[in-house]
Amino acid sequence: MFTPNGPTPRELAVQALSSTRHGYDLLAPKFDRTPFRTPDRVLEAVAGAVAPLGPFRAGLDLCCGTGAATGVLRRLCRERVTGVDFSEGMLAVARAAHSGPAPGTAAGTGPDVRFVQADALALPFREAFDLAVSFGASGHFLPRERPTLFAQVHGALRPGGLFAFPVGAPARVGSAAYWRLWGFDAVMRVRNLLWRPPFVMYYRTFRLGDVLDDLTRTGFTVRLTPLTALGTGPDGSPRCRLVLARRA
């Protein structure tokens, strides 16, 4: 699962026994050499689906981590891109990765890029963005926190602004993937019962039906589009869908 230059088992164990924030501070220097980074093919599939819905002036990369999606927003947004994360370690890597001009552009062109340390449940923005995206962060929010999270994104978007994020198809019940995810979540629940501070990361708490209901109650108009570039399952259904939630 990990490259030779990725984190060692000891480093992963130390991370897992830390708080969520401190764990990512520790993992940040090697995060992009783990399977936890969002794959480029997912980023490109989302970019291809979102681009025709623009143009966009300002974009928000919510829970940006090391800035994998920031590069996508730099292509989609004309004026400004802001990455937000609560881990200063992850932000340091993101700042280093995006300190120069975007690939294929000259210095002084393209949107301004900045990174802000903030909690996604208390965003320091109001009607500042046309587009918000998020990748790989859903498991860090408990179901009871989702309404607050979505309300924060709703408030950070301008009227008519778009919140886009991919959601993978659930693993088939009884499959190897199903039991791997179930086992991971079970281990994390036991860990958080026995050890403090908690490390919040669950794979099976972000159920699409519940998510759509929470978005609608927050005031978004929601639709789904299949990300066909990511393939289909044995029954022909898409392996991944893109949630497009628009502030009315």
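Start at 1 with the first residue, then count along the sequence.
Counting only residues at least two apart or on different chains, no salt bridge (Lys or Arg N to Asp or Glu O under 4.0 Å) pair has a member in residues 175-203. Listed by first and then second residue, the side-chain hydrogen bond (donor to acceptor under 3.5 Å, both in side chains) pairs that reach into residues 128-146 are Tyr24-His140, Asp130-Arg158, Arg146-Asp214, sequence neighbours excluded. Residue pairs meeting the salt bridge (Lys or Arg N to Asp or Glu O under 4.0 Å) criterion with at least one member in residues 237-247, sequence neighbours excluded, are Glu127-Arg247.
Looking at Arg80, its side chain does come within 3.5 Å of a backbone N or O of Ala128 through a donor-acceptor pair. Panel note: side chain Asn192, backbone Val200; no donor-acceptor pair is recorded below 3.5 Å. At least one donor-acceptor pair closer than 3.5 Å links the side chain of His98 to the backbone N or O of Gly67.
Between Gln15 and Phe199 the shortest side-chain heavy-atom distance falls below 4.5 Å. Side-chain contact between Leu142 and Tyr202 is present, with heavy atoms from C-beta onward closer than 4.5 Å. Side chains of Leu224 and Leu208 form a contact here, defined as non-hydrogen atoms less than 4.5 Å apart. At least one side-chain heavy atom of Val211 sits less than 4.5 Å from a side-chain heavy atom of Phe165. Within the 4.5 Å cutoff, the side chain of Phe129 has no heavy atoms near those of the Leu62 side chain. At a threshold of 4.5 Å between non-hydrogen side-chain atoms, the residues Met90 and Val93 do not count as touching. Looking at Thr218 and Val153, their side chains never come closer than 4.5 Å, going by heavy atoms from C-beta outward. You'll find the side chain of Pro197 stays beyond 4.5 Å of the side chain of Thr20, heavy atoms only.
Grouped by direct or indirect side-chain proximity (heavy atoms under 4.5 Å, Ile/Leu/Val/Met/Phe/Trp/Tyr only), Trp195 sits with Leu17. Hydrophobic clustering, defined by side-chain heavy atoms of Ile, Leu, Val, Met, Phe, Trp and Tyr closer than 4.5 Å, leaves Val187 isolated from every other such residue.
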Give the table of side-chain donor-acceptor pairs shorter than 3.5 Å for residues 228-238, with sequence neighbours excluded, one pair per line with atom names and distance.
unit_1: Asp235; atom_1: OD1; unit_2: Ser237; atom_2: N; d: 3.1
unit_1: Asp235; atom_1: OD1; unit_2: Ser237; atom_2: OG; d: 2.7
unit_1: Asp235; atom_1: OD2; unit_2: Ser237; atom_2: OG; d: 3.4

Going by atom type alone, with no hydrogens or angles, which donor-acceptor pairs under 3.5 Å involve a side-chain atom of residues 116-126 and a protein atom two or more places apart or on another chain?
unit_1: Gln117; atom_1: NE2; unit_2: Phe86; atom_2: O; d: 3.1
unit_1: Asp119; atom_1: OD1; unit_2: Leu121; atom_2: N; d: 2.9

Scan the side chains in residues 46-61 for donor-acceptor partners under 3.5 Å anywhere in the protein, sequence neighbours excluded, and list what turns up.
unit_1: Asp61; atom_1: OD2; unit_2: Thr70; atom_2: N; d: 3.1
unit_1: Asp61; atom_1: OD2; unit_2: Thr70; atom_2: OG1; d: 2.8

Would you be so kind as to tabulate the donor-acceptor pairs closer than 3.5 Å made by side chains of residues 167-177, with sequence neighbours excluded?
unit_1: Ser175; atom_1: OG; unit_2: Arg172; atom_2: O; d: 2.7
unit_1: Ser175; atom_1: OG; unit_2: Tyr178; atom_2: N; d: 3.2

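Hydrophobic clustering of Ile, Leu, Val, Met, Phe, Trp and Tyr side chains at less than 4.5 Å, counting indirect connections, unites Phe163 with Val84.
Applying the side-chain contact (heavy atoms from CB on, under 4.5 Å) test to Thr225 and every residue at least two apart in sequence or in another chain returns Arg223, Leu242, Leu244. Residues passing the side-chain contact (heavy atoms from CB on, under 4.5 Å) test with Thr38, sequence neighbours excluded: Val42, Leu43, Phe135. Judged as a ring-ring contact (aromatic ring centres under 6.0 Å, His included), and not counting sequence neighbours, the contacts of Tyr203 are Phe184.
The line from OG of Ser19 to CG of Leu26 is 8.5 Å long, rounded to the nearest 0.5 Å. Atom CG in Leu131 sits 8.0 Å away from atom CG in Leu157 (nearest 0.5 Å). Atoms CZ and CG, from Phe141 and Leu149 in turn, are 5.0 Å apart once rounded to the nearest 0.5 Å. Rounding to the nearest 0.5 angstrom, the gap separating the CG atom in Leu212 from the CZ atom in Phe220 is 12.5 Å.
In plain terms, the two heavy atoms of Pro7 and Leu12 that are nearest each other are CG-CD2, 3.8 Å. When all heavy atoms of Leu227 and Ala45 are compared, the closest pair comes out as CD2-O, 3.7 Å. The minimum heavy-atom distance linking Gly89 with Asp25 is given by the pair N-OD1, 2.9 Å. Arg33 approaches Pro29 most closely through the heavy-atom pair NH2-O, 3.5 Å.
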